[in-house]
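Note that the coordinates shown come from a computational prediction; the quantities given were computed from them, not determined experimentally.
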Amino acid sequence: MIKHILKIVWTQRRSNLLIWMELMLVFVLLWMVTDQIFGTIKRYRVPKGFDIENTYYVDVKMIPGRERVGNPSDDSLSKAYEVPFYALLEKIKRNENVEYASAGIMSKPYNGGNSWSPITVGKRKCDSYLRLVDNDFFKVFRIPINYGKDLSDGRYNNIVLSKMLADSLFRSDAAAVGKHCELNGTNYTVVGVTDSYKYYDFTRETPTSYEPFAPTFTKYKLGSVDTPEICIRLKASAPKDAIEKMRKELSNLGDSPYYIQNISSFESLRQIYFSWTGEKKNMKMGGAIIIFFLVNVLLGIVGTFWFRTEQRRDEVGLRMAIGSSSASLLNLFMAEAIVLLFLAAIPGVLITLQLRYLELHVFSGWNASWVVFILAGLTAFIVLAGMILLGTWFPARQASRVQPSEALHYE
């Protein structure tokens, strides 16, 4: 039957040429669209590596005019800024509704600010997203330690790596514990490896390192208007007004140079971050474009094959007159349409592979995973086949119902 269909396609090659070109172009574009959709879903489904449920950001600010002036001694700086900050942190930790509280620098989720630096191990080098944190940071955001331990021993030259970073530097996350690496000219000992980590929901896994924040705070931030971040996790039993009560409790910090500007949930910061990056707007716009494209493809494909089948009613009538059944005619037309799609898909695959190799894409780019790329191609083929069958089945079914007595009239 396939040989017979190929003969028909070749015999009608002039009328089939434009349909073949249309199918090839639509197949390539649909593959791009599907790859984009699957890539976004795949990235979103990868665990972030942290949990923001019941977590809040305590926005600590320096009172205007209280920042350091000149070059005060280390003791003066410690008494004026370090002691009050840790007193504030301890006060928050003692709150009856707080489960954990942590301090850090440029480390909170959805902060919109990044600090990147290469980490080297011998000749291997990998860029890392730096997080300056205290040990309770892992507890606040429930970041699991897969191997080794956290930063609880308080040594300033200890570091914790994310799984991706450990794999890149040491070929194995399990083998990284106890090894040494260099960051900004300082040698660190890897004491732990966390699970995978992403900067935010729709991005790929991010290589991340966690180092003690205290040395940086003491050396560079004391008396600066850039105050450390305080993040908290409330207990599951905390009442709904726990944050409001905390705001009132922290509204008067006495002679402290700090004040609390606001306490925000990380869910609200997440939404603000998406608005700031335009993530949701871009997704809605991309979704609208994709839906518009798919609807137009559907109408175009259905219309093309509907018209094609209607134009061959004389052939249908003649085949019915010489004894072909309605079912066999229906199967013939649908199989012929699928064969046309196969013939169009062959150069379509070659073109798409070339576009991927050249990194050319109508959207943001090809997905890095070959598995996703292949699945997207198969899905595009199946969706296109469904559209073609839909556009062929109904007119072919109507045409196959023609009475043999009418066959000579069509011919």
Side-chain angles (χ1 to χ4, degrees), residues 39-57 99-111 113-119 121 124-155 158-181 183 188-213 229 231-234 236 265-267 269-270 273 367-369 371-372:
T40 301
I41 294 173
K42 181 178 181 292
R43 291 193 299 272
Y44 182 77
R45 288 176 60 87
V46 173
K48 297 189 296 291
F50 59 91
D51 177 19
I52 62 170
E53 185 180 5
N54 290 333
T55 59
Y56 293 81
Y57 168 53
E99 185 174 6
Y100 297 108
S102 70
I105 298 174
M106 293 186 66
S107 300
K108 71 180 192 296
Y110 310 110
N111 61 21
N114 295 313
S115 177
W116 290 85
S117 185
I119 294 183
V121 176
R124 297 194 194 103
K125 178 185 291 187
C126 184
D127 286 332
S128 168
Y129 173 40
L130 305 181
R131 283 179 170 268
L132 303 173
V133 301
D134 65 9
N135 187 60
D136 285 335
F137 182 87
F138 301 98
K139 299 174 183 177
V140 169
F141 295 104
R142 293 179 176 172
I143 299 174
I145 304 293
N146 290 347
Y147 299 98
K149 59 183 180 180
D150 51 29
L151 300 172
S152 55
D153 61 9
R155 295 181 180 178
N158 285 350
I159 195 169
V160 173
L161 308 180
S162 67
K163 181 180 184 300
M164 181 182 188
L165 184 56
D167 285 338
S168 300
L169 293 174
F170 300 101
R171 309 300 187 192
S172 168
D173 51 344
V177 177
K179 300 294 179 61
H180 299 277
C181 60
L183 171 63
Y188 287 89
T189 301
V190 179
V191 295
V193 177
T194 70
D195 205 348
S196 301
Y197 171 82
K198 295 193 305 181
Y199 181 63
Y200 71 103
D201 306 55
F202 294 98
T203 191
R204 295 181 175 88
E205 188 176 346
T206 312
T208 308
S209 62
Y210 306 86
E211 57 178 302
F213 103 103
E229 308 155 351
C231 304
I232 64 174
R233 171 175 289 277
L234 293 186
S265 70
F266 273 98
E267 180 56 39
L269 294 181
R270 176 175 176 263
Y273 181 81
N367 190 273
S369 170
V371 175
V372 172

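Contact record, F141 with P109: CZ-CD, 3.4 Å, taken as the closest heavy-atom pair. Scanning both residues, L151 and V191, for their nearest heavy atoms gives CD2-CG2, 4.3 Å. Taking both residues in full, the closest heavy atoms of S102 and D134 are given as CB-OD1, 3.1 Å, listed atom of the first, atom of the second, then distance. Pairing each heavy atom of L183 with each of I159, the nearest pair is CD2-CD1, 4.1 Å. Here the closest non-hydrogen pair linking T203 and K198 is O-CD, 3.1 Å. Considering every non-hydrogen atom in both P207 and W116, the closest pair reads O-CZ3, 4.2 Å.
Separation of atoms CD1 (I52) and CZ (R233) is listed at 9.5 Å; rounding is to 0.5 Å. Here K48 contributes atom NZ and Y197 contributes atom OH; the two are 10.5 Å apart, rounded to the nearest 0.5 Å. Distance check: E53 CD to L234 CG gives 11.0 Å after rounding to the nearest 0.5 Å. I105 contributes atom CD1, which lies 9.5 Å from atom CD of E211 (distance to the nearest 0.5 angstrom). With rounding to the nearest 0.5 angstrom, the CZ atom of F170 is 5.5 Å from the SG atom of C181. Rounding to the nearest 0.5 angstrom, the gap separating the OG1 atom in T189 from the CZ atom in R155 is 8.5 Å.
S128 contributes a side-chain N or O that, together with a main-chain N or O of S209, makes up a donor-acceptor pair within less than 3.5 Å. Counting only distance, with no hydrogens or angles, the side chain of E99 and the backbone of V140 share no donor-acceptor pair below 3.5 Å. R124 contributes no side-chain N or O that, together with a main-chain N or O of I119, makes up a donor-acceptor pair within less than 3.5 Å.
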| said: As a quick check of understanding, evaluate side-chain contact (heavy atoms from CB on, under 4.5 Å) for Y210 and F138, giving each step before the final call. | reply: CA-CA 10 Å; Y210 306 86; F138 301 98; 3.8 Å; yes
| Between D150 and K139, does a salt bridge (charged side-chain N to carboxylate O under 4.0 Å, His left out) hold up when you go through it step by step? | CA-CA 10 Å; D150 51 29; K139 299 174 183 177; 5.6 Å; no
| task | List the steps and the verdict of side-chain contact (heavy atoms from CB on, under 4.5 Å) for R270 and D201. | result | CA-CA 9 Å; R270 176 175 176 263; D201 306 55; 3.0 Å; yes
| request: May I have the step-by-step check of side-chain contact (heavy atoms from CB on, under 4.5 Å) for L132 and M106, ending in yes or no? | output: CA-CA 7 Å; L132 303 173; M106 293 186 66; over 6 Å; no
| query | Between S162 and Y129, is a side-chain contact (heavy atoms from CB on, under 4.5 Å) present by the stated rule, with each step listed? | reply | CA-CA 10 Å; S162 67; Y129 173 40; over 6 Å; no
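Of the candidates Y199, Y273, Y57, Y199 is the only one forming a side chain to side chain donor-acceptor pair (under 3.5 Å) with N111.
The aromatic rings of F50 and Y110 sit perpendicular, their planes meeting at an angle over 60°, well past the 30° parallel limit.
Checked by atom type, the side-chain pair N146/D173 shows no donor-acceptor distance below 3.5 Å. Defined by atom type and a distance below 3.5 Å, a donor-acceptor pair is missing between the side-chain atoms of Y100 and N135.
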